[in-house]
Asker: 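Just passing along the structure, written as structure tokens.
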Amino acid sequence: MTHRKSFRGGGIAKPLSVFIGVVTGLLAVFAVGAQTSGVALQYHRISDSGPAITRTSAAYFRDHLELIERLGFPVVALDKLLNGLCHDDTESPSAIALTFDDAHRTVYEQAWPLLKERNWPFIVFVNTAAVDGSHGGTMSWDQLRELAQAGVIIGNHGVDHQHLIRKPADQTREQWAAWQRKQIIDAQQRIDSELGPQPKIFAYPYGEYDLASAAILKELGYSAFGQQSGAFGCSSPLQALPRFPVSGPYANPESVELKLASLPFPTVGRLVEPVLPPGERHPRLVLHLSPADTDGFDPLNANCFATGQGAIQARWDPEQMALLVQADEPLPSGRSRYNCTVRNTIQQRYHWYSQPWFIADESGQWPAE
């Protein structure tokens, strides 16, 4: 691969109308050198009923699997994909991982038969209290054991699916950190005691994390996934990895096709604090980029968007080697994102980066779920 040693200066944000219909002939893409990368799809329940935001219909799920087959991307076990990110000798430069949160019974009933037909691996993230308490719609340990014995990874989703960033006012930081560690460690011990040792892969409840919780997971030896969109690669921080939600309004196969073909940004791997301090609603994102592995990537072509605002300003700073992104209007309380894309002019695919933001209200309270 020929590497560009520098980017051109300047910077603007352009409309994303060229995004539509970009993914064609992807099998030919693999002849072009590319950074080894992964795309994780996030599902919850495979069903036509239940909360709209967490359900993917069985028909759409079949469409997704057929789409992956047609595009030719390999489906790889998540631990294998993570371990191979920085190797150049992989069979394919891009791979897909299938993930399911909350161990809903429809994963066992609807998803597994279709995946078993294809011999495709996947991971189910479990909050152990729901399984122990036989919460409605949750798989049993016997069902999870059957999956694990067939090679399915059972991942850690905490003990009881609580928010890891919403510290009560009456707890010290030390007490809160001890509680966070207990959520992670106790859940893993419960999973391993029932199913045998599982890879240390964690999914943040609600996709919420901060630098402190990410540091705890790193110390404990975990990779961890949020719910922000995007692809990941060798330079991606392993305790804040992205996944594409493909439930509810995000389940349309046309939009999933674009996500499957996405590439990571060539960042230098710096983890940004996503929890904003009181009064901060115009966060400035500084994305430091590396000149390595940037064939076809031009930051001048970056298009960035903020939750509820549409396109926002994105400026390239050649002195910092950074893309500077900031919303025009204040972000609301709760969960928001900046999403940035750059079309790769060689591969005709999109580099995709998403930064989550978590914002309490003026009184320090979080919106109700």
Asker: Could you tell me whether R243 and D101 have a side-chain N and a carboxylate O separated by less than 4.0 Å?
Answerer: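 Looking at R243 and D101, the cut-off is met.
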Asker: Yes or no on side-chain hydrogen bond (donor to acceptor under 3.5 Å, both in side chains) for W141 and D132, after CA distance, side-chain angles and deciding distance?
Answerer: CA-CA 8 Å; W141 285 117; D132 286 334; 2.7 Å; yes
Asker: Tell me if a side-chain donor or acceptor on Y338 pairs with a main-chain N or O of A327 at a distance below 3.5 Å.
Answerer: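 Yes.
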Asker: Do C340 and V325 make a side-chain contact, defined as non-hydrogen atoms from C-beta onward lying under 4.5 Å apart?
Answerer: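 Counting from C-beta outward, C340 and V325 do come under 4.5 Å.
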Asker: Going by atom types only, do S213 and D210 share a side-chain donor-acceptor pair under 3.5 Å?
Answerer: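 Yes.
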Asker: Could you grab the distance from atom OG of S333 to atom CZ of F358, nearest 0.5 Å is fine?
Answerer: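 The OG atom of S333 sits 13.5 Å away from the CZ atom of F358.
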Asker: What residue among Q228, R335, E208 forms side-chain contact (heavy atoms from CB on, under 4.5 Å) with P356?
Answerer: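 Only one of Q228, R335, E208 forms a side-chain contact (heavy atoms from CB on, under 4.5 Å) with P356, namely Q228.
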Asker: Within this structure, what is the CD1-CE distance for the pair I154 and M139, rounded to the nearest 0.5 Å?
Answerer: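 Reported value, rounded in 0.5 Å steps: 6.5 Å.
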Asker: Answer yes or no: is there a side-chain heavy-atom contact under 4.5 Å between L287 and L285?
Answerer: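 The answer is yes, as the side chains (C-beta and beyond) meet within the 4.5 Å cut-off.
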Asker: Considering only heavy atoms from C-beta outward, does the side chain of Y204 approach that of I165 to under 4.5 Å?
Answerer: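 Heavy-atom side-chain distance check fails, nothing below 4.5 Å.
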Asker: Going through the checks in order, is the side-chain hydrogen bond (donor to acceptor under 3.5 Å, both in side chains) test met by T56 and S247?
Answerer: CA-CA 5 Å; T56 305; S247 302; 3.3 Å; yes
Asker: With a 4.0 Å cut-off, would you call E66 and R70 a salt bridge?
Answerer: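 No salt bridge links E66 with R70.
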Asker: State whether the side chain of Q180 and the backbone N or O of L164 hold a donor-acceptor pair below 3.5 Å, judged by distance alone.
Answerer: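 Answer holds: yes.
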Asker: Do the side chain of D361 and the main chain of Q365 share a donor and acceptor less than 3.5 angstrom apart?
Answerer: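 Judged by distance alone, yes, a pair lies under 3.5 Å.
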Asker: Show your working on side-chain hydrogen bond (donor to acceptor under 3.5 Å, both in side chains) between R337 and Q355 and close with a plain yes or no.
Answerer: CA-CA 5 Å; R337 299 181 194 171; Q355 174 61 45; over 6 Å; no
Asker: Quick check with a 6.0 Å cut-off and a 45 degree axis cone: is K116 positioned over the face of W112's six-membered ring?
Answerer: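 Yes, K116 lies over the aromatic ring of W112.
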Asker: Supply the atom-to-atom distance R181 CZ to D186 CG, rounded to the nearest 0.5 angstrom.
Answerer: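 Reported to 0.5 Å precision, the distance equals 11.5 Å.
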Asker: If we ignore angles and hydrogens, is there a donor and acceptor under 3.5 Å between the side chains of D298 and T345?
Answerer: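 No, no side-chain donor-acceptor contact under 3.5 Å.
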Asker: Decide side-chain contact (heavy atoms from CB on, under 4.5 Å) for V76 and I96; before the verdict, give the C-alpha distance in whole Å, the side-chain angles of both, and the deciding distance to 0.1 Å.
Answerer: CA-CA 6 Å; V76 179; I96 308 301; over 6 Å; no
Asker: Are the side chain of R343 and the backbone of N301 linked by a donor-acceptor contact shorter than 3.5 Å?
Answerer: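 Flag not set: sc R343 to bb N301 has no pair under 3.5 Å.
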Asker: Using 0.5 Å steps for rounding, measure from the CG atom of L81 to the CD1 atom of I123.
Answerer: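 The CG atom of L81 sits 11.0 Å away from the CD1 atom of I123.
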Asker: Which residue, F202, F232, F100, F244, forms the ring pair (Phe, Tyr, Trp, His ring centres under 6.0 Å) with F225?
Answerer: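 When ring pair (Phe, Tyr, Trp, His ring centres under 6.0 Å) is applied between F225 and each of F202, F232, F100, F244, only F232 qualifies.
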Asker: Measure the shortest side-chain to side-chain distance between P299 and L289 over non-hydrogen atoms and say whether it is less than 4.5 angstrom.
Answerer: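 The answer is yes, as the side chains (C-beta and beyond) meet within the 4.5 Å cut-off.
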Asker: Between T172 and Q175 (side chain of the first, backbone of the second, donor and acceptor by atom type, cut-off under 3.5 Å), is there such a pair?
Answerer: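 Such a contact is found between T172 side chain and Q175 backbone.
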Asker: Ring of W120, cation from R118 - is the NZ or CZ under 6.0 Å from the centre and inside 45° of the axis?
Answerer: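 Verdict for W120: a cation-pi partner in R118.
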Asker: Donor-acceptor pair, distance only, cut-off 3.5 Å: does the side chain of S193 make one with the backbone of Q189?
Answerer: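 A pair under 3.5 Å: yes.
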Asker: Please round to the nearest 0.5 Å and tell me the distance separating atom CG of L217 and atom OG of S223.
Answerer: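 Interatomic distance, L217 CG to S223 OG, rounded to 0.5 Å: 9.5 Å.
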Asker: Under a 3.5 Å threshold, yes or no: a donor from one side chain and an acceptor from the other, between Q348 and N344?
Answerer: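 Checked: Q348/N344 side chains show no N/O donor-acceptor pair below 3.5 Å.
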Asker: Taking C-beta and beyond as the side chain, do T99 and L41 meet within less than 4.5 Å on heavy atoms?
Answerer: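 Result no, sub-4.5 Å side-chain heavy-atom pair not found.
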Asker: Provide the closest heavy-atom pair for I216 versus A177 in the form atom of the first, atom of the second, distance.
Answerer: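 Answer, listing the atom of I216 first, then A177: CD1-O, 3.9 Å.
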Asker: Please report the closest heavy-atom contact between P264 and A231, naming both atoms and the distance.
Answerer: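 Closest approach of P264 to A231, heavy atoms only: N-CB, 3.5 Å.
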Asker: Is it true that R281 and E362 make a salt bridge, defined as a side-chain N closer than 4.0 Å to a carboxylate O?
Answerer: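 Between E362 and R281 there is a salt bridge, with a charged N closer than 4.0 Å to a carboxylate O.
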Asker: Mind listing the closest non-hydrogen atom pair of I46 and A58 along with its distance?
Answerer: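 Of all heavy-atom pairs spanning I46 and A58, the closest is CG2-CA, 3.9 Å.
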Asker: Would you call the rings of H351 and F265 parallel, tilted or perpendicular if under 30° counts as parallel and over 60° as perpendicular?
Answerer: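 Ring orientation, 0 to 90° scale: perpendicular.
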Asker: Nearest heavy-atom pair of P253 and L67: which atoms, and what distance?
Answerer: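 So the minimum-distance heavy-atom pair works out to O-CD2, 3.6 Å.
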Asker: Which heavy atom in I359 sits nearest to a heavy atom in P367, and how many Å separate them?
Answerer: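 Heavy atoms only, the tightest pair is O-CD, 4.4 Å.
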Asker: At what distance, to the nearest 0.5 angstrom, does CD of Q309 lie from OG of S336?
Answerer: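 Nearest 0.5 Å value for the CD-OG distance: 8.0 Å.
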Asker: OH of Y206: more than 12 outside heavy atoms within 6.0 angstrom?
Answerer: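 Check passes, neighbour count above 12.
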Asker: Counting C-beta onward and ignoring hydrogens, is there a side-chain heavy-atom pair between V126 and V124 closer than 4.5 Å?
Answerer: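 Yes, at least one pair of side-chain atoms sits under 4.5 Å.
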Asker: Any side-chain to backbone donor/acceptor pair from N156 onto I184? Under 3.5 Å, distance only.
Answerer: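 Answer holds: yes.
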Asker: Do any N or O atoms from the side chain of S37 and from the backbone of G233 form a donor-acceptor pair under 3.5 angstrom?
Answerer: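 Answer holds: no.
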Asker: Please check if the number of heavy atoms outside E254 that lie under 6.0 Å from its CD is greater than 12.
Answerer: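 No, the 6.0 Å shell around CD holds no more than 12 heavy atoms from other groups.
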Asker: Applying side-chain hydrogen bond (donor to acceptor under 3.5 Å, both in side chains), run through Y43 and H104 and close with a yes or a no.
Answerer: CA-CA 10 Å; Y43 296 92; H104 199 267; over 6 Å; no
Asker: Looking only at heavy atoms, which two atoms of A148 and Q198 are closest? And how far apart?
Answerer: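 Residues A148 and Q198, closest heavy atoms: CB-NE2, 4.2 Å.
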Asker: Only one of T128, D102, N127 clears side chain to side chain donor-acceptor pair (under 3.5 Å) with H157; which?
Answerer: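 Of all the options given, the one that passes is D102.
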Asker: Hey, is the main chain of A322 close enough, under 3.5 Å, to the side chain of Q320 for a donor-acceptor pair?
Answerer: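 It does not hold such a pair.
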Asker: Please confirm whether the backbone N or O of Q239 pairs with a side-chain atom of K218, one donor and one acceptor, at under 3.5 Å?
Answerer: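 Side chain of K218 to backbone of Q239: no pair is present.
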